[in-house]
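Worksheet: the structure to be examined is printed underneath.
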There are 2 protein chains.
Amino acid sequence: MGNTEKNETNQRIIEAARHVFAERGYAGSRMQEIADAAGVNKGLLTYYDWSKQKLFEAVFADALEQFFGHLDAIIEADMPLINRLESLVDKYVDLLLANPSLPGFVLSEINQNPAFFQEKVQSQQKVPDLSRLLVQIQIAGQTGQIHPIDPFQLLMNVISMCVFPFAGRPMIKGMTGIDDNSFNHLMRQRKAAIMAFVQRALRPD
Amino acid sequence: MGNTEKNETNQRIIEAARHVFAERGYAGSRMQEIADAAGVNKGLLTYYDWSKQKLFEAVFADALEQFFGHLDAIIEADMPLINRLESLVDKYVDLLLANPSLPGFVLSEINQNPAFFQEKVQSQQKVPDLSRLLVQIQIAGQTGQIHPIDPFQLLMNVISMCVFPFAGRPMIKGMTGIDDNSFNHLMRQRKAAIMAFVQRALRPD
DNA sequence: GTCTATAGGTAGATAGAC
DNA sequence: GTCTATCTACCTATAGAC
């Protein structure tokens, strides 16, 4: 991934690749379409030393970084469980509002090539360590701060509620007939809706 | 070798296509791999009048039917809201346990080809009408059966919590290192976990 | 019904002109 | 740096042998 110098044309190629790969997936993308989207000739992709595989790895590594990177910061910070969950929902939905195609892209590619993701997990630290958060949930249950709950299931609940609507965005848009603006509006409302839901479910008897 | 054999071979082709398309997506699938998975020669695909597109449409229509079909039955039935939600979670997680690759497949293809899904929605009744359920949630809130909640957000919460872990199954398996058996065990526990969570969140003050 | 061989088309990559 | 032309490999589909 050494091709990230400031060359403007090269940046346009990377941006175009990000867009095309996110829309069509790796297998469905064509170098010709990436070149067209970048407004450059296909031959230039070779000139800038990009193969399809290299372009994808650059774009996908970046997507994984975005998808998981924000979690780390939230998990490392020192705050009470409810605030941490609130911060997670707030920041995560904001991230997805700014990058609505991210979940669909990442989930599709991981589904279609689990081995590639497995490598990333083992070789690098692209994937956050959730154990601290899981322990905090366990303790909060034991000390009566929240109603006791299986930490894994709570975390899965919160992440599911944040991410799924974006992963299923074209489905939701298709079924309800709403446009991008209405969808975004619903998702901004959703931040408060999720937290209200979680807080009611967690509040001690 | 009579008609029975012909049907049997054709059936093996369809099953193989279901498997390969679910794993690799439309663009990443190869007719050769489908033939191999079916244990037949590639030329037979033409003999049984299958093009790649035809095979995919057959398999995908079936997947949509499974993904949405069960919702209809639950929505049509006449029961109190909480029971209906419980029935939805119970039946839906069971369906996904039996077909774990279904969400990843359906969501990937809809993301990569929204127009195709849009057609299905408009032309046919493959997609359930959720309005009855939304109205029931609204009324339950107004009559004090449950704590008032935006019906869309509640429905999104419940569906997200059921479907997302399966859509992200390779990711979850990769991050936690668990195998299929452990994953299935967690998802079976999850049915009760989701309903307990929802019921606590919805219970009136 | 099933196989082999191949036609026809397309996509990734690159050499070489400018 | 950018474009045109082309090479090579692969993929869908099918004709024809058995």
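- Boundaries of the chain A contact region on DNA chain D are D:dG1 to D:dT4, first to last in 5' to 3' order (nucleotide atom under 4.0 Å from a heavy atom).
- When the local axes at the two ends of the helix from C:dG1-D:dC18 to C:dC18-D:dG1 are compared, using 5 base pairs at each end, they differ in direction by 10° after rounding to 10°.
- The distance from atom CH2 of A:W50 to atom C1' of C:dT14 is 18 Å, rounded to the nearest whole Å.
- Listed by chain and residue number, A:R24 satisfy the salt bridge (Lys or Arg N to Asp or Glu O under 4.0 Å) test with A:E33 (two or more places apart in sequence, or in another chain).
- Applying the side chain to side chain contact (heavy atoms under 4.5 Å, CB included) criterion to B:E57, with sequence neighbours excluded, gives B:Q53, B:F116.
- Scored by the side chain to side chain contact (heavy atoms under 4.5 Å, CB included) test, B:E119 finds no partners at all (sequence neighbours excluded).
- The nearest heavy atom of DNA chain C to B:V40 and to A:G43 marks one nucleotide each, and the one closer to the 5' end goes with B:V40.
- With sequence neighbours left out, A:D180 forms a salt bridge (Lys or Arg N to Asp or Glu O under 4.0 Å) with A:R169, A:K173.
- Among residues at least two apart or in separate chains, salt bridge (charged side-chain N to carboxylate O under 4.0 Å, His left out) pairs with a member in residues 93-110 of chain B are B:D94-B:K191.
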Listing time: all N or O pairs from protein to nucleotides 6-11 of chain C that are below 3.5 Å?
unit_1, atom_1, unit_2, atom_2, d
C:dA11, OP1, A:R30, NE, 3.4

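- Here A:T46 pairs with nothing under the side chain to side chain contact (heavy atoms under 4.5 Å, CB included) rule; sequence neighbours left out.
- Considering only residues two or more places apart in sequence or on other chains, B:R132 meets the salt bridge (Lys or Arg N to Asp or Glu O under 4.0 Å) condition with B:E76.
- When the P atom of C:dT4 is taken as reference, atom OH of B:Y47 falls 17 Å away, rounded to whole Å.
- With sequence neighbours excluded, the residues satisfying salt bridge (Lys or Arg N to Asp or Glu O under 4.0 Å) with A:R203 are B:D205.
- A donor-acceptor pair shorter than 3.5 Å can be found between the side chains of A:D179 and A:S182.
- Scanning for side chain to side chain contact (heavy atoms under 4.5 Å, CB included) contacts around B:A22 gives B:S101, B:F105, with sequence neighbours left out.
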